[in-house]
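Read through the structure below, which is laid out as structure tokens, and then see the notes.
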Amino acid sequence: MLSLSKHTSNFSLNKMTQYDVAIIGSGPGGYVAAIRCAQLGFKTAVIEKYNTLGGTCLNVGCIPSKALLDSTEHYHNAKTTFQKHGIQLDNLKVDFTQMIKRKNEVVKQTCDGVSFLMKKNKIDVLTGVGSFVDAKTISIQNDKGEKQEIQAKHIIIATGSKPASLPNIVIDKERIISSTEALTLKEIPKEMIVIGGGVIGCEMASVYARIGTKVRIVEYLPNLIPTMDKDLSKELERVMRKLGVEMHLGFKVKEVMRVDNEVMVSAEDAEGKTHDWSADYCLMAVGRKPFTENLGLEKAGLKTDEKGRITVNENLQTSVENIFAIGDVVRGAMLAHKAEEEGVFVAEFLAGQKPHINYNLIPGVVYTWPEVAAVGNTEEELIKNKIPFKKGSFPFRASGRARASMDLDGFIKILAHAETDEILGVHMIGPRMADLIMEAVVAMEYRASAEDISRMSHPHPTFSEAFREACLAATENRALHI
Ligand code: FAD
Ligand code: NAD
């Protein structure tokens with residue numbers, strides 16, 4: 001991670017300072033938990049091993065990836081659509097060094113923002129690796145080897161996750177890379193093999209394909225973004241193909257080998273036939289695993305499950321009463337906003353409140369262009385669970401707003417209960433869906449029916465009209481513009 005911002009030295013604090021709450025990890029789970037704890041009047045400390053706050057999300061995840069996705073999308077548009085808009089450009093080219101520099105500036109400003117919030121809320125930031133001495137004592141060792149101990153009535157573990165690999169495949173961080181390195185490359189790869197067609201695979205494939213890299217995605221399951229609704233997968237595959245991304249779906253990667261500056265990848269198709277490809281970079285994007293190294297969990301009497309996650313109950317409480325765990329290190333979606341919700345939950349639980357998280361309504365977004373966003377049940381889940389449903393969808397090619405902005409790919413699909421009309425799932429692929437999905441979340445939180453949305457005035461012309469049209473389509477096939 002980057003070493004950008006500075007905090008007041010923690011080693012000037014008194015030995016064995018006592019806290020109400022100590023939080024290990026300053027990602028979106030940890031730092032948000034700290035702010036809410038401080039708001040509720042707890043004396044709070046955050047322990048972070050790096051010099052910058054914000055964890056994976058701010059340093060090597062959500063923020064830098066979105067910065068590069070935005071930059072490369074601007075370039076792609078300048079190259080492919082500006083002329084049609086009547087904008088002539090000469091000598092268009094990518095300054096990759098500047099692109100990475102801007103991304104670093106965005107990261108620095110965002111991380112500095114978290115440091116500011118810690119100061120504003122009078123939260124002590126203790127820099128160093130935190131590890132349990134016992135269930136109420138944490139030792140913190142900084143990179144100079146200096147140690148200090150603190151005690152806390154309650155401890156929240158928010159240590160996040162790190163990139164996973166495949167058996168016998170080592171991420172060498174030079175040519176066989178994870179998302180962390182893919183966000184700070186020094187050159188534009190000529191060719192890149194992306195192993196895994198999930199969220200990271202699709203986002204990073206978009207970044208590099210847009211600026212000229214020949215990208216191949218090799219995915220084990222038969223679809224891209226395989227956990228999402230299949231109609232979204234199919235439309236995203238069509239869009240990625242249009243971008244020039246080659247996809248090998250239903251291929252299991254068996255071997256990755258580096259020879260000098262080349263990486264060879266072997267995969268097996270459904271019939272057991274082996275296929276080989278080579279490229280100058282190979283990105284491993286096969287998931288992430290919970291991170292608990294050097295935490296000394298055993299000293300606190302804690303164990304991890306078979307997936308390395310810390311086991312928690314419905315209150316995010318571990319088997320040790322005063323210790324809680326949140327975010328990527330526990331069960332559930334590995335998403336920043338899920339980690340944040342859990343941080344707030346634990347703080348409010350400790351304050352004696354009765355917080356609640358509706359895990360069914362945590363939206364998922366893939367920041368390709370068009371963006372993919374979803375909430376609630378997929379069509380496949382409703383069929384599997386024998387829930388009677390009806391569906392309505394609306395394509396962006398029928399939207400005036402989308403025609404104006406030249407964003408004609410994608411659609412919005414809504415699934416509603418066949419009898420009650422309650423919206424059960426919303427699946428979108430289209431322009432600015434990452435923001436529009438919140439209309440669906442609000443609707444579902446208040447248990448709206450498709451007809452409720454159909455009867456609400458949506459501003460014209462907007463992408464949001466497509467949501468209303470999809471709801472109308474589900475309500476006795478009443479879509480107005482198709
Ligand atoms: P983390 O953010 O991983 O933070 C954990 C922190 O704990 C780290 O700073 C780590 O240094 C620290 N730590 C660990 N052990 C110790 C220790 N012993 N002592 C002290 N400190 C320690 N999610 C989204 O919702 N939207 C996105 O667009 C998105 N994009 C992503 C893009 C990429 C490339 C990646 C990799 C992830 C992305 N994610 C996204 C996922 C998101 O980053 C994570 O879900 C989120 O960061 C989890 O938050 P967390 O607080 O649980 O852990
Ligand atoms: P993922 O689980 O989304 O995708 C991993 C993919 O790798 C799967 O599709 C899987 O089938 C495939 N795979 C596994 N073994 C394989 C093999 N041997 N050969 C070929 N393919 C194989 O994981 P990810 O994309 O690495 O992302 C990790 C986490 O980070 C996710 O949980 C995600 O929620 C989070 N993230 C979120 C965002 C976002 O919200 N926009 C962006 C990036 C990352």
Side-chain angles (χ1 to χ4, degrees), residues 1 23-33 46-50 52-66 68-69 126-132 138 140-141 156-167 169 178-180 182-183 194-204 217-228 233 248-254 256 265 267-268 283-297 325-330 332-340 342-343 362-368 371-373 434:
M1 288 199 197
I23 299 154
I24 312 177
S26 73
Y31 86 75
V32 168
V46 166
I47 300 154
E48 171 55 57
K49 65 179 173 178
Y50 289 110
T52 56
L53 303 181
T56 303
C57 174
L58 272 62
N59 290 278
V60 293
C62 324
I63 298 301
S65 59
K66 267 77 257 179
L68 289 183
L69 277 156
L126 311 178
T127 307
V129 175
S131 61
F132 285 99
I138 303 169
I140 301 135
Q141 181 168 7
I156 305 175
I157 304 172
T159 49
S161 63
K162 69 173 198 179
S165 188
L166 294 171
I169 300 174
S178 72
S179 53
T180 304
L183 293 165
V194 177
I195 305 180
V199 199
I200 293 181
C202 290
E203 289 186 0
M204 296 315 297
I217 298 181
V218 186
E219 164 59 45
Y220 174 59
L221 290 168
N223 295 101
L224 289 185
I225 46 168
T227 55
M228 297 186 93
S233 303
H248 303 276
L249 306 173
F251 282 68
K252 185 173 185 179
V253 170
K254 304 291 269 188
V256 178
V265 175
E268 214 171 74
L283 167 65
M284 293 293 288
V286 294
R288 294 177 61 84
K289 54 184 182 193
F291 185 76
T292 55
E293 278 163 38
N294 305 320
L295 251 184
L297 287 178
I326 58 172
D328 281 11
V329 81
V330 303
M334 286 184 166
L335 294 173
H337 43 291
K338 178 257 194 189
E340 289 188 31
E342 292 184 337
I362 291 179
V365 175
V366 190
Y367 293 81
T368 47
E371 290 173 337
V372 184

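All values derive from a computational prediction rather than experimental measurement. Counting convention: from 1, in listed order, for ligands and their atoms alike. Positions are given from 1 along the sequence.
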Any heavy atom of [X] closer to ligand 1 than 4.0 angstrom?
X	result
Val60	yes
Asn294	no
Lys338	no
Ala182	no
Lys66	yes
Ser131	no

Residues in side-chain hydrogen bond (donor to acceptor under 3.5 Å, both in side chains) contact with Ser178, at least two apart in sequence or another chain: Glu181
Taking side-chain hydrogen bond (donor to acceptor under 3.5 Å, both in side chains) as the test, write out the residues that go with Glu219, two or more places apart. none
Please determine, by modelled atom types, if Asn59 and Thr52 share a side-chain donor-acceptor pair under 3.5 angstrom. yes
Can you name the atoms of ligand 1, numbered from 1 with element, that are less than 4.0 Å from a heavy atom of Val129? 18 (N), 19 (N)
Test applied, side chain to side chain contact (heavy atoms under 4.5 Å, CB included); reference residue, Ile47; option that passes from Ile23, Leu126, Thr127: Leu126
If the test is side chain to side chain contact (heavy atoms under 4.5 Å, CB included), which one of Val330, Ile326, Leu297 qualifies with Ile157? Leu297
Is there a nitrogen or oxygen of Ile326 sitting under 3.5 Å from a nitrogen or oxygen of ligand 1? no
May I ask you to list the atoms of ligand 2 that are less than 4.0 angstrom from any heavy atom of [X]?
X	answer
Leu166	15 (N), 17 (C), 18 (N)
Gly196	6 (C), 7 (O), 12 (C), 21 (N)
Phe251	19 (N), 20 (C)
Val218	20 (C), 21 (N)
Met334	32 (O), 33 (C), 34 (O), 35 (C)
Leu335	34 (O), 37 (C), 40 (O)
Tyr367	41 (N)
Val365	39 (C), 40 (O), 41 (N)

Look at atom 49 (O) of ligand 1 and find which of Pro28, Gly327, Ala33 reaches it with the closest heavy atom. Pro28
The option among Ala434, Pro363, Ala336 carrying the non-hydrogen atom nearest to atom 23 (N) of ligand 1 is Ala336
Should the proximity of Glu203 to ligand 2, defined as any heavy atom under 4.0 Å, be assigned to the side chain, the backbone, both, or neither? side chain
Counting only nitrogen or oxygen atoms and a 3.5 angstrom limit, does Leu221 reach ligand 2? no
contact_flag Ala333 ligand 2 heavy-atom lt 4.0 Å: no
Decide yes or no on side chain to side chain donor-acceptor pair (under 3.5 Å) for Ser233 and Asn223, but give the supporting numbers first. CA-CA 6 Å; Ser233 303; Asn223 295 101; 4.9 Å; no
